[in-house]
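Every chain is numbered from 1 and lettered A, B, ... according to where its sequence line falls, protein lines coming before strand lines. Only heavy atoms go into these numbers, but all of them, side chains included; no hydrogens, no water, no symmetry mates.
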Amino acid sequence: TQLLEQSPQFLSIQEGENLTVYCNSSSVFSSLQWYRQEPGEGPVLLVTVVTGGEVKKLKRLTFQFGDARKDSSLHITAAQPGDTGLYLCAGAASNYQLIWGAGTKLIIKP
Amino acid sequence: NAGVTQTPKFQVLKTGQSMTLQCAQDMNHNSMYWYRQDPGMGLRLIYYSASEGTTDKGEVPNGYNVSRLNKREFSLRLESAAPSQTSVYFCASRTSGSNTDTQYFGPGTRLTVL
């Protein structure tokens with residue numbers, strides 16, 4: 001059974017600090033996606049990574065896919081209150097199906 | 001362009017009651033999905049429809065049935081609700097079956113079974 005473990009489960013920091021959240025597995029994924037979910041809404045895609053070692057940047061967010069395609073990280077520089085939300089990673093399993101991590105709940109305090 | 005819409009937004013049922021959750025998308029997507037989200041467990045796939053006229057079981061299909069009514073609509077039915085089905089239900093769609101495509105989610109249905 002493929003599993004994706006996210007850490008930490010919960011993170012509360014001050015505005016302006018940097019942070020990294022992790023998405024780890026013992027399985028290899030052909031691709032991995034990061035979504036952000038705000039309270040009362042569905043998840044929204046942030047990025048898709050496909051190649052081992054790939055790094056993608058989205059403004060202050062940096063996403064990395066591990067060389068072996070078993071793990072990924074999300075680094076936020078100078079966090080802002082608007083970054084608050086639940087961050088979910090999802091790995092490509094069989095056709096049509098994604099395996100989802102349980103999420104990291106991030107709170108950025110002003 | 002409304003994206004993915006779900007009805008109802010909230011529902012309270014008694015054990016044994018039945019109900020149908022409705023989902024529609026206006027993006028001309030081929031694939032549609034039903035997930036449930038429980039605290040600490042992430043999203044779990046209930047059923048999916050790769051294309052109009054086909055449906056397949058996901059990770060947690062027991063107690064649920066689905067209908068792909070047409071390309072736009074994908075409904076989820078609980079025939080005899082149980083407290084274990086208390087959850088937030090999300091419908092999603094994407095262009096095709098490729099796992100690099102974006103999944104677009106509806107706003108969710110919050111279901112409580114007493």
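Summarising the geometry of B:Gln37 relative to A:Leu88, their closest heavy-atom pair is NE2-CD1, 4.3 Å, with the distance given to 0.1 Å. Between A:Ala102 and B:Gly40, the shortest heavy-atom contact is CB-O, 3.5 Å. Here the closest heavy-atom approach between residue B:Tyr48 and residue A:Gln97 is recorded as CE2-NE2, 3.5 Å.
Ranked by non-hydrogen atom pairs under 4.5 Å with chain B, the options A:Ile99, A:Thr48, A:Val44, A:Leu32 are led by A:Thr48.
For the pair B:Gln103/A:Leu98, a side-chain contact is recorded, criterion being any heavy-atom separation below 4.5 Å from C-beta on. In this structure, B:Phe90 and A:Gln37 have side chains that are in contact, with non-hydrogen atoms separated by less than 4.5 Å. Side-chain contact check for A:Ser30 versus B:Thr100: every heavy-atom pair is 4.5 Å or farther apart.
Under a cut-off of 6.0 angstrom, the local environment of NZ in A:Lys105 is sparse, with at most 12 non-hydrogen atoms contributed by other residues, nucleotides or ligands. For A:Gln9, the CD atom is loosely surrounded, since the number of other residues' heavy atoms within 6.0 Å does not exceed 12. The environment of B:Gln17 atom CD is dense: over 12 non-hydrogen atoms of other residues, nucleotides or ligands sit within 6.0 angstrom.
Cluster annotation: B:Val60 and B:Val113 are assigned to the same hydrophobic cluster (Ile/Leu/Val/Met/Phe/Trp/Tyr, side-chain heavy-atom contacts under 4.5 Å, transitive). Hydrophobic clustering (ILVMFWY, side-chain heavy atoms < 4.5 Å, transitive): A:Leu45 and B:Val4 are in distinct clusters. Hydrophobic clustering (side-chain heavy atoms under 4.5 Å, transitive across Ile, Leu, Val, Met, Phe, Trp, Tyr) keeps A:Val47 apart from A:Val50. By the criterion of side-chain heavy atoms lying less than 4.5 angstrom apart, applied directly or through intervening Ile, Leu, Val, Met, Phe, Trp or Tyr residues, B:Ile46 is grouped together with B:Met19 in one hydrophobic cluster. Residues B:Tyr64 and B:Leu43 do not share a hydrophobic cluster, clusters being chains of Ile/Leu/Val/Met/Phe/Trp/Tyr side chains in contact below 4.5 Å.
Using a 4.5 Å cut-off between heavy atoms, B:Asp101 touches chain A through its backbone atoms (N, CA, C, O) alone. With a 4.5 Å cut-off on non-hydrogen atoms, B:Leu45 touches chain A through its side chain but not through its backbone. Heavy atoms of B:Thr102 lying under 4.5 Å from chain A belong to its backbone as well as its side chain. Contacts of A:Glu41 with chain B are made by backbone atoms alone, with heavy-atom separations under 4.5 Å and no side-chain atom involved. For A:Tyr35, the part sitting under 4.5 Å from any heavy atom of chain B is the side chain, from C-beta outward, and nothing else. When heavy atoms are compared at a cutoff of 4.5 Å, B:Arg44 does not approach chain A at all. Heavy atoms closer than 4.5 Å to chain B are found in the side chain of A:Leu86, but not in its backbone. For B:Tyr35, the part sitting under 4.5 Å from any heavy atom of chain A is the side chain, from C-beta outward, and nothing else.
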